[in-house]
Amino acid sequence: MNPTEQGDKAHALRLDVLGAGPAFTDRIGSAGAAYLVRSGGDSLLLDLGQGAFPRLAATIEPSSLSAVLVSHLHPDHFVDLVPLRHYLRYDLQPPRRVRVIGPAGLADRLDALHGQPGFCAESLEMHPIPAGSQAIGSFRIESRPVAHSADSHAFRVSVGSGPGLVYSGDSASTDDLSPLVSEGDTLLVEVSFGIGPVPPGAMHFNAAMVSALIERTRPGHVLLTHILRGSDRAATVAAVQDGYDGLVELVAPGFQTTVRPRESQGPERG
């Protein structure tokens, strides 16, 4: 292995899709948004939606997470913080804690759900999403507000000088998201409405919007997620792939890939 290959390996990001579903579905085994990113001994979770905790616990020891990043305050992106909190408090002796970075009000919502002030604070270290960038272990995290619900964010995760993983969260504006994407990055982007139109006020992407985004930003690999029930999945992939010379894939729980420079990218499934 030459020094360049060694550097690429050292800076590689491993992505495990734990959940990729929208707020509701009829697909057995689906789970809400949850994307595990690992590099070396560090691990970061992007969102933790409904039904995703079992797959998280089957993949890594949950208390080993460097942090959980929550993109916005819709339950299909954060509600499995509840089983994570219970696991940390009751399954481990002594109890452990995990850092959670999310929008203002996240702790209050979970506390209110249980009618128990301090419910989160017993096991979760809650922090607001900072402006700009921050270091978490070996990761560099860049955040940017996006149009969706109040206090919604997208994230770019990178290690060293390697390409990054850009996660859209839920978004309705290519102008908001495009500044996060560097040429050659892996783009993990919601495509809720497939090839159909986005209804007025829905504040999500469809395939045409994703195509416009990748034409502007030239990512090296496009991963589509969060597609709604009833959408034509194959047609959605084909619509985004049209005119783009990189790889486009629709992800589901169990999908795995490594973020590398474009010439060495390729999907891996577990």
Are the side chains of [X] and [Y] in touch, meaning some heavy atoms are under 4.5 Å apart?
{"X": "His226", "Y": "Asp76", "value": "yes"}
{"X": "Leu15", "Y": "Leu223", "value": "yes"}
{"X": "Ser182", "Y": "Arg156", "value": "yes"}
{"X": "Phe78", "Y": "Leu110", "value": "yes"}
{"X": "Thr225", "Y": "Tyr35", "value": "yes"}
{"X": "Leu124", "Y": "Leu84", "value": "yes"}
{"X": "Arg218", "Y": "Tyr244", "value": "yes"}
{"X": "Pro219", "Y": "Val166", "value": "no"}

Does Ile129 form a side-chain contact (heavy atoms from CB on, under 4.5 Å) with Gln134? I'd like the steps, not just the answer.
CA-CA 10 Å; Ile129 298 172; Gln134 64 178 312; 5.7 Å; no

Using modelled atom types only, decide if a donor and an acceptor are shared between the side chain of [X] and the backbone of [Y] within a distance under 3.5 Å.
{"X": "Thr25", "Y": "Arg229", "answer": "no"}
{"X": "Arg144", "Y": "Asp176", "answer": "yes"}
{"X": "Asp232", "Y": "Ile195", "answer": "no"}

Closest contact, heavy atoms only, [X] versus [Y]:
{"X": "Arg140", "Y": "Ala135", "answer": "NH1-N, 3.5 Å"}
{"X": "Ala33", "Y": "Tyr167", "answer": "CB-OH, 3.8 Å"}
{"X": "Arg38", "Y": "Ser43", "answer": "CG-CB, 3.7 Å"}
{"X": "Val70", "Y": "Pro103", "answer": "O-CD, 3.4 Å"}
{"X": "Ser211", "Y": "Ala239", "answer": "OG-O, 3.4 Å"}
{"X": "Phe205", "Y": "Val198", "answer": "C-CG2, 4.0 Å"}

Just wondering, are more than 12 heavy atoms of other shown residues or ligands nearer than 6.0 Å to CZ in Arg216?
yes

Crowding at CD, Glu122 (>12 non-hydrogen neighbours, <6.0 Å)
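Yes, CD of Glu122 has more than 12 neighbouring heavy atoms, counting only those of other groups under 6.0 Å.
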
Which distance, rounded to the nearest 0.5 Å, do you find between the [atom1] of [X] and the [atom2] of [Y]?
{"X": "Glu190", "Y": "Asn206", "atom1": "CD", "atom2": "CG", "value": "9.5 Å"}
{"X": "Leu165", "Y": "Ile141", "atom1": "CG", "atom2": "CD1", "value": "9.5 Å"}
{"X": "Leu65", "Y": "Ile136", "atom1": "CG", "atom2": "CD1", "value": "11.0 Å"}
{"X": "Met126", "Y": "Cys120", "atom1": "CE", "atom2": "SG", "value": "4.5 Å"}
{"X": "Leu106", "Y": "Ile101", "atom1": "CG", "atom2": "CD1", "value": "11.5 Å"}
{"X": "Leu213", "Y": "Asp175", "atom1": "CG", "atom2": "CG", "value": "9.5 Å"}

Can you tell me if [X] and [Y] form a side-chain donor-acceptor pair at under 3.5 Å?
{"X": "Ser171", "Y": "His148", "result": "no"}
{"X": "Asp170", "Y": "His74", "result": "no"}
{"X": "Ser138", "Y": "Asp42", "result": "yes"}

Passing option when Val181 is tested against Thr186, Ile214, Thr217 for side chain to side chain contact (heavy atoms under 4.5 Å, CB included):
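So the option named by the test is Thr217.
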
Honestly curious: do [X] and [Y] fall in one hydrophobic cluster under the side-chain, below-4.5 Å linking rule?
{"X": "Val100", "Y": "Leu45", "value": "yes"}
{"X": "Leu46", "Y": "Leu56", "value": "no"}
{"X": "Leu48", "Y": "Leu88", "value": "yes"}
{"X": "Leu36", "Y": "Leu44", "value": "no"}
{"X": "Val259", "Y": "Val37", "value": "yes"}

Using the side-chain contact (heavy atoms from CB on, under 4.5 Å) rule, take Val210 and Thr236 through it: C-alpha gap first, then chi angles, then the decisive distance, then the call.
CA-CA 10 Å; Val210 174; Thr236 298; over 6 Å; no

Can you check salt bridge (charged side-chain N to carboxylate O under 4.0 Å, His left out) on Asp91 and Arg96, steps first, answer last?
CA-CA 9 Å; Asp91 199 68; Arg96 298 179 191 170; over 6 Å; no

What's the verdict on side-chain contact (heavy atoms from CB on, under 4.5 Å) for Phe139 and Val159, showing C-alpha distance, side-chain angles and the deciding distance?
CA-CA 5 Å; Phe139 301 113; Val159 175; 3.6 Å; yes

Ring-face cation contact, Phe119 with Arg85, 6.0 Å cut, 45° max
yes

Just do the side-chain contact (heavy atoms from CB on, under 4.5 Å) check on His221 and Glu249 with the steps written out, would you?
CA-CA 8 Å; His221 190 186; Glu249 300 181 272; 2.9 Å; yes

Once the angle between the rings of His114 and His86 is folded into 0 to 90°, is it parallel (under 30°), tilted (30 to 60°) or perpendicular (over 60°)?
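Perpendicular, since the angle between the ring planes exceeds 60°.
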
